[in-house]
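Inspection log for the structure reproduced underneath, given as structure tokens.
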Amino acid sequence: MARMGKTKYMIIGNSAGGIGAAEAIREVDKAGVITIISAEPYPAYSRPFISEYLASRCPLEKMLFRPIDFYEKNHIQTILGQKVEQVNIGEHAVRLENRRKIGWEKLLLATGGLPIVPQIEGIDQGGVFTFSTLDDAKALDKYLSHRVERAVVVGGGLIGISAAEALVKRGIKVTIVEMKERILNTILDEEASALAEERLQQAGVRVVTGRTVASIGSYLGDTVTSVTTADGIPIPCGLVIVAIGVQPRTELASGTGIKISRGIVVDRYMSTSCPDVYACGDAAEAFDFVYGENRLNPIWPNAYLGGRIAGFNMAGVSTEYQGGTAMNSLKYFGLAVVSAGMVNPPDNSYELLSKKYDHSYKKVILKDGLVVGMVFAGDIEKSGIVFGLMKDRVKVDDFKQALVAQDFGLVSLSEEIWRPRLEMLF
Ligand SMILES: Cc1cc2nc3c(=O)[nH]c(=O)nc-3n(C[C@H](O)[C@H](O)[C@H](O)COP(=O)(O)OP(=O)(O)OC[C@H]3O[C@@H](n4cnc5c(N)ncnc54)[C@H](O)[C@@H]3O)c2cc1C
């Protein structure tokens, strides 16, 4: 058997979390060998940009979020296009799909998430896609040469809508089928969801809410012809994108003794329950500063920051994660929306402040004088200040009405609050 290679730092996943960790390690350890392994064959690219690829075949160079020589300059070894099949904690080693074994001193699981695919009739035939990797976007692009005129996107969340927007730009007529009563229901409140739905409809997208897709029909089991909802409504289409959610990719941790809840559970140092093993990003369940507990928050900035914290700790520089929270900034079909924290409070013990203006809407959710959630649609310019107040746990009782005012800005805050914020800008 070939001799086992060994690396000081092994990172599985070459995306936001993995790159965040590698950068942090290099800041404090210039020499320790870093190895990044990924099943995807590409240098790290910005995953949200796959809709740009689908819309306009945006070249890979424009999708990269670090320069092409990043790995070489930082002395990072890469093994791309190879899946890790097994993690052996006792041996401190992994086994790749080509049977190669590599040892590690510190391991990071930055394995992200996998799209959830419901087991409905017709799901396995040609013309049914998920939308989470560049290869998905490439496969979709190729399929569009079949002269597809209509598509159904199953799921009206962030990923479904970004796919829908790309398809509309390609001249396809799109129907979104959403199980809940409104689109973007996990990241927006009712008011902002309605604004988003209005924009989609103006762009020619048909939005069907409160319905699920029960089966996908095809011609000779080969080409999609329609979907049928659970209440029997057929919707003709030549293409289906399934975007009903993402689940943490925990399979490498499973059976190893690493604690898994909904995702891989990490402490404030991004350390798992096994010594020398860390996790971050969509795969992990990390501290949420709004809820004060571990939660899944599958968004890019949390993955990158969590990766950085993991990297410092892997390199022996003890660094605490202050926590992340849900945070989304989107601009689909021309409507800019920012939402963060607890957008749909669970009971009436929360104070809701909201204001509607021409083509814009602002809402802030408070608990015990602290901002715990926010939704800004249309005019999002000052949303960053409100997010900062939420993150820093600033008591806002004295000026809470100003948070949703049209002219809200740093000057609306008392000097002791605005001065440090202003100084941070310069
Ligand atoms: C279409 C789309 C739009 C999005 N838009 C936004 C947005 O607007 N804002 C936002 O904040 N977030 C957005 N996201 C979410 C964001 O992309 C993710 O939160 C982020 O990519 C998570 O980073 P990660 O490093 O945890 O994992 P990922 O980016 O999922 O990367 C994990 C990597 O690990 C690899 N891997 C997994 N298992 C193995 C294994 N066993 N062996 C080898 N490699 C493995 C995978 O192949 C993958 O390359 C979007 C996502 C999609 C798909």
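Note that ligands are numbered from 1 as they come in the structure, with each ligand's atoms numbered from 1 the same way.
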Can you spot which of R100, R99, K101 makes a salt bridge (charged side-chain N to carboxylate O under 4.0 Å, His left out) with E85? R99

Taking ring pair (Phe, Tyr, Trp, His ring centres under 6.0 Å) as the cut-off, I'd like each qualifying pair that reaches into residues 119-143, sequence neighbours left out, listed once. F129-Y143, Y143-H146

Can you list every ring pair (Phe, Tyr, Trp, His ring centres under 6.0 Å) pair that touches residues 50-79, not counting sequence neighbours? F65-W300

Test item: V227 and C237 side chains (from C-beta on) under 4.5 Å apart, heavy atoms: yes

Does a side-chain N-to-carboxylate-O contact under 4.0 Å join E320 and R268? yes

For ligand 1, protein residues within the heavy-atom limit of under 4.0 Å are I12, G13, S15, A16, G17, S38, A39, E40, R47, P48, I50, Q82, K83, V84, A110, T111, G112, G113, F131, S132, L158, I159, S162, R249, L252, G281, D282, P298, I299, W300, P301, A303

Using distance only, find each side-chain donor-acceptor pair of residues 176-184 under 3.5 Å and give its atom names and separation, not counting sequence neighbours.
{"residue": "E178", "atom": "OE1", "partner": "G156", "partner atom": "N", "Å": "2.8"}
{"residue": "E178", "atom": "OE2", "partner": "K180", "partner atom": "N", "Å": "2.8"}
{"residue": "E178", "atom": "OE2", "partner": "N185", "partner atom": "ND2", "Å": "3.3"}
{"residue": "R182", "atom": "NH1", "partner": "L188", "partner atom": "O", "Å": "2.8"}
{"residue": "R182", "atom": "NH1", "partner": "D189", "partner atom": "O", "Å": "3.2"}
{"residue": "R182", "atom": "NH1", "partner": "S193", "partner atom": "OG", "Å": "2.7"}
{"residue": "R182", "atom": "NH2", "partner": "L188", "partner atom": "O", "Å": "3.3"}
{"residue": "R182", "atom": "NH2", "partner": "N344", "partner atom": "OD1", "Å": "3.1"}

